[in-house]
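Data first, discussion second: the structure below is written as structure tokens.
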Amino acid sequence: MALIPSRTKYRKSQRGRMRGNAKRGDKLVFGNYGVQSLSTGWVTAEQIEASRVAINRNLRRRGKVYIRVFPQKPISSKPAETRMGKGKGATEAWVAVVKPGAILFEVSGASYNAAREALSLADGKLPLKCRFISREEQI
């Protein structure tokens, strides 16, 4: 089951620019440990799902996982070997725009070592530079 919006105002969107740091969603709210982005980029719905599965498999019901990003930007692309023109391509994927400082995942109810290991596995599935943070470091 992929993460996609139930409905959007427009079917297709422009690429936009990713400048600056995260304005919100940059502090741990739900859990004691988390993964924080250090770079800018797009995270696809498939990458978010792969990270979630990796965390849950590693924790084995020892904690609760919170996903703090949602893919609400449609990315379109035209088929290979297609000539220019004839409009914008079909929606290929849904991505979440992630800026530096944004919290991607949070874990509660797990020990420090278990959370660190699980979140490092999730970090490996993501196309961004990330770091592990805890509530004690945040204050």
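Remark: Phe30 CZ to Arg68 CZ distance equals 5.5 Å, nearest 0.5 Å. Note: Ser76 OG to Glu92 CD = 8.0 Å, rounded to the nearest 0.5 Å. The distance from atom CZ of Arg60 to atom CZ of Arg57, rounded to the nearest 0.5 Å, is 11.5 Å. In this structure, the separation between CD on Gln36 and NZ on Lys27 is 9.0 Å, given to the nearest 0.5 Å. Interatomic distance, Ser134 OG to Leu28 CG, rounded to the nearest 0.5 Å: 7.5 Å. For the atom pair Glu46 CD and Ile48 CD1, the distance stands at 9.0 Å (nearest 0.5 Å).
When hydrophobic clusters are built by joining Ile, Leu, Val, Met, Phe, Trp and Tyr residues whose side-chain heavy atoms come closer than 4.5 Å, directly or via intermediates, Val65 is grouped together with Tyr112. Put simply, Leu126 and Ile67 are part of the same group of oily side chains (I, L, V, M, F, W, Y) that touch within less than 4.5 Å, one to the next. At a threshold of 4.5 Å between side-chain heavy atoms, the hydrophobic network of Ile, Leu, Val, Met, Phe, Trp and Tyr places Phe70 and Ile4 in two separate groups. Linking ILVMFWY residues whenever their side-chain heavy atoms come closer than 4.5 Å, directly or via other members, places Leu128 and Val107 in the same cluster. By the criterion of side-chain heavy atoms lying less than 4.5 angstrom apart, applied directly or through intervening Ile, Leu, Val, Met, Phe, Trp or Tyr residues, Leu119 is grouped together with Leu59 in one hydrophobic cluster.
Note: Tyr33 and Phe132 have parallel aromatic rings, judged against thresholds of 30 and 60 degrees for the angle between ring planes.
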Quick one: do Asn21 and Asp26 satisfy side chain to side chain contact (heavy atoms under 4.5 Å, CB included)? Show the steps, please.
CA-CA 9 Å; Asn21 297 331; Asp26 56 348; over 6 Å; no

Set out, in order, the CA-CA distance, both residues' side-chain angles and the distance that settles side chain to side chain contact (heavy atoms under 4.5 Å, CB included) for Ser51 and Phe105, then state yes or no.
CA-CA 9 Å; Ser51 300; Phe105 294 95; 3.5 Å; yes

For the pair Asp123 and Leu104, evaluate side chain to side chain contact (heavy atoms under 4.5 Å, CB included) and give the outcome as yes or no after the intermediate values.
CA-CA 10 Å; Asp123 181 12; Leu104 305 173; over 6 Å; no

Report the C-alpha distance between Trp42 and Met18 in whole Å, list the side-chain angles of each, state the deciding distance to 0.1 Å, and finish with yes or no for side chain to side chain contact (heavy atoms under 4.5 Å, CB included).
CA-CA 9 Å; Trp42 285 343; Met18 294 180 280; 3.7 Å; yes

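The minimum heavy-atom distance linking Leu3 with Trp94 is given by the pair O-CB, 4.3 Å. Residue Ile103 comes nearest to Val69 through the heavy atom pair O-CG1, 4.1 Å, listed as atom of the first residue, atom of the second, then distance. Of all heavy-atom pairs spanning Arg135 and Val29, the tightest one is NH2-O, 3.1 Å. Between Ala22 and Gly101, the closest heavy-atom pair is CB-C, 4.2 Å. Here the shortest heavy-atom pairing between Ser13 and Pro74 reads OG-O, 3.4 Å. Closest of all the heavy-atom pairs between Ala118 and Ile55 is O-CG1, 3.7 Å.
Panel note: side chain Lys12, backbone Lys88; a donor-acceptor pair is recorded below 3.5 Å. With hydrogens and angles ignored, the 3.5 Å screen pairs a side-chain donor or acceptor of Lys78 with a backbone N or O of Gly87. With hydrogens and angles disregarded, no donor-acceptor distance shorter than 3.5 Å links the side chain of Glu117 to the backbone of Ala114. Put simply, the side chain of Lys64 never gets that close to the backbone of Gly31: no donor and acceptor are under 3.5 Å apart.
Within a 6.0 Å sphere centred on NZ of Lys125, heavy atoms belonging to other residues, nucleotides or ligands number 12 at most.
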